[in-house]
Amino acid sequence: MKNIFLIILFLSFSETYSCTCAPMKRLDIAQVEEYEYSEFVLIGEIIEIDNEKRTFKVKVKETFKGNLKNESIIEFRNHKYCEPVVEKKSEWLIYSILKDNKFEINTCGTSRDLNNLERLYIPPPPPVPNDTRSVEIKEAEIKNHIQEMKKFIKKVTENEINRLRKLNS
């Protein structure tokens, strides 16, 4: 009886913990691998989110890989526990596959909300022990670092989209 209880408990929580994304080591390599793995690569506008069905609809704006027409509307499964989760209407760069005849964003990949690029943000390193600088100076440095990372990620994304356009032409 105890084993049955443990199996039921495990199965009820397995979806919650079934997805753990390893930190990305090199974005440039991840982008190439993501493109090769994906059946469809596109920029699309999230136009509808259905939390009950765990789906969302995308209006295709630009296709880089796969046979999708601009302005077509396609429905995706929305991961509830795996990154990236689509939570708001926005424009996305999407790397996806067809799984059981349904579109799915690749989990733990480089798909992202183009209006919220911080998802690819790597936090600053921990402070150096025995750092005698004031808290205000440390906070200012961290704030500056975050702003620089946002600029960097924006530039990386622009370069990635330009590279995708060249591959598609």
Side-chain angles (χ1 to χ4, degrees), residues 4-25 27 29-124 142-143 146-147 149-161 163-165 168:
I4 293 172
F5 174 74
L6 288 174
I7 291 170
I8 291 170
L9 185 66
F10 175 77
L11 291 175
S12 66
F13 287 107
S14 64
E15 186 177 17
T16 304
Y17 299 103
S18 64
C19 187
T20 303
C21 299
M24 217 177 288
K25 293 182 180 162
L27 183 58
I29 293 171
Q31 290 168 336
V32 171
E33 289 173 350
E34 185 85 354
Y35 183 84
E36 290 172 359
Y37 171 75
S38 300
E39 294 174 65
F40 304 91
V41 181
L42 62 118
I43 291 177
E45 180 184 349
I46 309 299
I47 57 171
E48 183 181 313
I49 300 169
D50 187 331
N51 290 321
E52 283 184 29
K53 291 182 183 176
R54 290 185 7 202
T55 61
F56 61 91
K57 290 185 180 175
V58 174
K59 183 176 186 178
V60 177
K61 296 182 107 181
E62 188 172 358
T63 302
F64 305 113
K65 186 176 181 182
N67 189 17
L68 297 172
K69 294 185 184 204
N70 289 351
E71 304 299 314
S72 62
I73 296 175
I74 53 178
E75 187 174 72
F76 281 79
R77 257 190 217 118
N78 199 3
H79 302 291
K80 190 171 182 180
Y81 304 108
C82 295
E83 289 293 325
V85 177
V86 175
E87 298 174 311
K88 64 179 184 171
K89 294 179 182 178
S90 187
E91 189 172 81
W92 276 65
L93 172 60
I94 298 174
Y95 290 84
S96 69
I97 58 171
L98 267 178
K99 188 174 181 182
D100 301 325
N101 291 321
K102 294 203 178 200
F103 287 92
E104 246 183 44
I105 289 181
N106 301 341
T107 57
C108 301
T110 59
S111 295
R112 58 203 172 271
D113 181 342
L114 294 174
N115 297 312
N116 184 19
L117 296 172
E118 288 80 28
R119 189 182 87 69
L120 291 180
Y121 171 70
I122 301 166
I142 290 171
K143 197 174 197 177
I146 291 170
Q147 290 304 317
M149 287 301 296
K150 285 180 180 181
K151 289 178 192 173
F152 172 74
I153 292 168
K154 183 176 182 181
K155 188 67 177 164
V156 165
T157 300
E158 289 169 359
N159 290 341
E160 179 179 4
I161 291 170
R163 196 169 46 252
L164 288 167
R165 285 181 177 135
N168 193 37

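Because the structure is predicted, anything quoted here is derived from the model rather than measured.
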R77 side chain near K99 side chain, heavy-atom distance below 4.5 Å: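 Yes - at least one pair of side-chain heavy atoms lies under 4.5 Å apart.
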Do N51 and F56 touch side chain to side chain, with heavy atoms closer than 4.5 Å? no
Under the 3.5 angstrom rule, does the side chain of [X] hit a backbone N or O of [Y] as a donor-acceptor pair?
| X | Y | answer |
| --- | --- | --- |
| D50 | K53 | yes |
| K65 | L42 | no |
| D100 | K102 | no |
| R165 | R163 | no |

Least distance between heavy atoms, I43 atom then E91 atom: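 In this case the closest contact between I43 and E91 is CG2-CG, 3.8 Å.
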Where is the tightest heavy-atom contact between K59 and I47, given as atom of each residue plus distance? CB-CG2, 4.0 Å
Please determine whether side chain to side chain donor-acceptor pair (under 3.5 Å) holds for the pair N106 and S38, giving the CA-CA distance in whole Å, both sets of side-chain angles, and the decisive distance to 0.1 Å. CA-CA 8 Å; N106 301 341; S38 300; 2.8 Å; yes
Residue pairs fulfilling salt bridge (charged side-chain N to carboxylate O under 4.0 Å, His left out) with at least one residue in residues 29-42, sequence neighbours excluded: none
Please say whether more than 12 non-hydrogen atoms of neighbouring residues, nucleotides or ligands are located less than 6.0 Å from CG in N115. yes
Are the ring centres of F103 and F40 closer than 6.0 Å? yes
Roughly how far apart are T157 OG1 and L117 CG, rounded to 0.5 Å? 4.5 Å
Rounded distance [0.5 Å steps], CD in E104 versus CD1 in I94: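 Answer rounded to 0.5 Å: 12.5 Å.
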Under the side chain to side chain donor-acceptor pair (under 3.5 Å) rule, collect the residues that match up with E45, sequence neighbours excluded. none
Under the criterion side-chain contact (heavy atoms from CB on, under 4.5 Å), I'd like the reasoning laid out for I105 against N78: C-alpha separation, chi angles, the key distance, then a yes or no. CA-CA 8 Å; I105 289 181; N78 199 3; over 6 Å; no
